[in-house]
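Remember, it's 1-based here, ligands and their atoms both numbered in the order they're listed.
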Amino acid sequence: MIYDYLVIRFGEITLKGKNKMNFVQKLENDVKDKLSRFSMLGIKRHFDDIEIQLNGEDADQVLSVLTRIFGIQNISSAIKVENNLDAMQDGVLRVMKAENGVRTFKIAARRKDKRFPIHGSELNQGLGAYVLKNCEGVSVDVHNPDITLRVEVGYHETRIYGHEYDGAGGLPVGTSGKVLLMLSGGIDSPVAGYLLAKRGATVEAIHFQSPPYTSDRAKQKVIDLTKKIQSFGGTVRLHLVPFTKAQLAIRDAVPEDYRITIMRRLMFRIAEKLAEKTGALALATGESLGQVASQTMESMNTINQVTDLPVLRPLITMDKLDIARIAKQIDTYEISIRPYEDCCTIFLPKAPRTKPDRLHAERFEKSFDVEALTDEAVNGIETLTVTSEDLEDAFSDLL
Ligand code: ATP
Ligand code: MG
């Protein structure tokens, strides 16, 4: 490995105008935090990028961390040389030779320091000719090269970039406000949490459990899913709601085909009360339009009635297969398919109503004490905080 540096480029952050520096500051903190176990690294923030001097640390391991941090568009490996033509020629040649299997190339030189006497286009030609002369079997392709060798003449030194890696995209976690994610043990809701974190949201999770009908293994499953969501950034708190009493009351008071609707209305009421306490500005679910009876337009309309908060549904237009693909990519799939019971499944009616309406729902809710059950559940919430040690665990599986 000839590269001494990794250079992180920002994505959408660069569109943030006056706020840009807040976003960049947040990203820098995330990068430092996530890379803290690599003690030799030198991390320096510039206006357009964050530069990481490897100082002997393993580039691949550092990359595997960086590619999971939201707000990073791409990462390039790089070397630095002095601001003179000889050093640049030697540099591009070294990079070219280090990139095995490359047949075609293009030089893209740029002067940040306009005092440097050779213009970009002249540099392109000069450095390109030098590579052609000293590297056998390669040719220039300006349209679709195997590699673009970027040469950036700075005020003090010149960077030459080699391979470019895709970053995770999105915005730094914590720059978009807090959302309370309704996290089940299923495949969908963890994916929704990941997508929200990717857009910069601070995600807190709420999970409804119904012991003894649901077991400790079901709880562990949700804790493990929370860890995975946390591995993408932020601190994730998990709120566990005792839901047995409410579910039994619903079973006793509500006709079978409306039980899921009423249960979900209760979940939303409880989540809204918790959101008020924790400062979350929206609720979120893993619902996808039409996937099951409780996710039809009519169901969502009837369920939404009980809350004034925005309910974010990042998966609403996605097919199950697409959701599963992301779940595999973010490593939650295997946890989600562990066969433990969820509170939704225990009193599941054989034929839930696919088009419930608000009037019926309101009427059925008159036959039991919705408010008391809501308050009791909120008061019984147990909150776990997933720590950075847990984060290390979640990471070690991935490295
Ligand atoms: P998932 O795969 O996320 O469980 P699903 O396709 O199984 O979704 P439902 O069981 O109808 O769908 O749940 C819809 C949404 O309701 C879930 O995505 C989740 O946001 C929320 N939800 C369901 N069960 C629970 C629970 N026990 N605790 C918290 N939220 C839940
Ligand atoms: Mg489910």
Side-chain angles (χ1 to χ4, degrees), residues 179-196 203-211 213-215 217-223 225-226 228-229 236-244 246-247 250 259-272 274-275 280 282-296 298-300 302-304 306-307 309 311-316 318-328 330 332-349 352-354 356 377-378 381-384:
V179 62
L180 185 58
L181 169 73
M182 296 168 71
L183 183 66
S184 68
I187 292 169
D188 305 329
S189 40
V191 173
Y194 159 80
L195 292 173
L196 287 162
V203 177
E204 292 205 359
I206 180 171
H207 175 70
F208 297 84
Q209 52 184 0
S210 300
Y213 303 98
T214 57
S215 67
R217 289 172 310 181
K219 175 171 160 184
Q220 189 58 44
K221 189 176 168 182
V222 175
I223 293 172
L225 288 170
T226 308
K228 290 291 180 193
I229 295 173
V236 178
R237 291 203 296 168
L238 169 63
H239 306 277
L240 296 164
V241 185
F243 203 48
T244 317
Q247 280 203 295
I250 293 168
R259 280 184 200 154
I260 285 207
T261 309
I262 304 298
M263 182 189 77
R264 300 190 57 71
R265 281 165 63 104
L266 224 67
M267 284 180 168
F268 272 34
R269 287 189 177 93
I270 293 165
E272 184 180 75
L274 179 68
L283 307 179
T285 73
E287 288 161 309
S288 153
L289 186 60
Q291 196 188 79
V292 290
S294 63
Q295 299 175 24
T296 61
E298 290 81 359
S299 277
M300 286 189 285
T302 305
I303 292 164
N304 249 80
V306 302
T307 179
L309 288 178
V311 179
L312 308 181
R313 297 178 167 93
L315 313 183
I316 197 68
M318 289 173 67
D319 294 347
K320 192 77 189 183
L321 281 178
D322 296 330
I323 299 169
R325 190 172 38 77
I326 300 179
K328 284 177 188 160
I330 63 171
T332 55
Y333 188 81
E334 291 299 323
I335 303 172
S336 292
I337 59 171
R338 284 186 214 155
Y340 301 130
E341 62 298 323
D342 176 43
C343 78
C344 286
T345 48
I346 53 177
F347 302 119
L348 197 72
R353 184 158 292 252
T354 53
V378 172
I381 287 175
E382 175 199 358
T383 297
L384 306 178

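- Under 4.0 angstrom from ligand 1, the non-hydrogen atoms of I206 all belong to its backbone.
- The nearest non-hydrogen atom to atom 15 (C) of ligand 1, considering only M267, M182, R264, H207, comes from R264.
- A donor-acceptor pair is defined here as one N or O able to donate and one able to accept, closer than 3.5 Å; no such pair exists between the side chain of T332 and the backbone of L225.
- When Q295, R313, E287 are checked for heavy-atom proximity to atom 12 (O) of ligand 1, Q295 turns out nearest.
- Between R313 and Q295 there is no side-chain heavy-atom pair separated by less than 4.5 Å.
- At least one donor-acceptor pair under 3.5 Å links the side chain of S336 to the backbone N or O of G186.
- Between V292 and ligand 1, a contact under 3.5 Å exists for no N or O pair.
- Here S189 has heavy atoms under 4.0 Å from ligand 1 in both its backbone and its side chain.
- In the model, S189 has a side-chain atom that pairs as donor or acceptor with a side-chain atom of S184 under 3.5 Å.
- For a threshold of 3.5 Å applied to N or O pairs, the pair formed by T285 and ligand 1 contains no separation below that value.
- A donor-acceptor pair is defined here as one N or O able to donate and one able to accept, closer than 3.5 Å; no such pair exists between the side chain of T307 and the backbone of F268.
- Formation of a donor-acceptor pair under 3.5 Å by the S288 side chain with backbone atoms of M318 is found in this model.
- Looking at P190 next to ligand 1, no N or O pair under 3.5 Å apart turns up.
- Polar contact with ligand 1: absent for A284 (N/O pair, distance under 3.5 Å).
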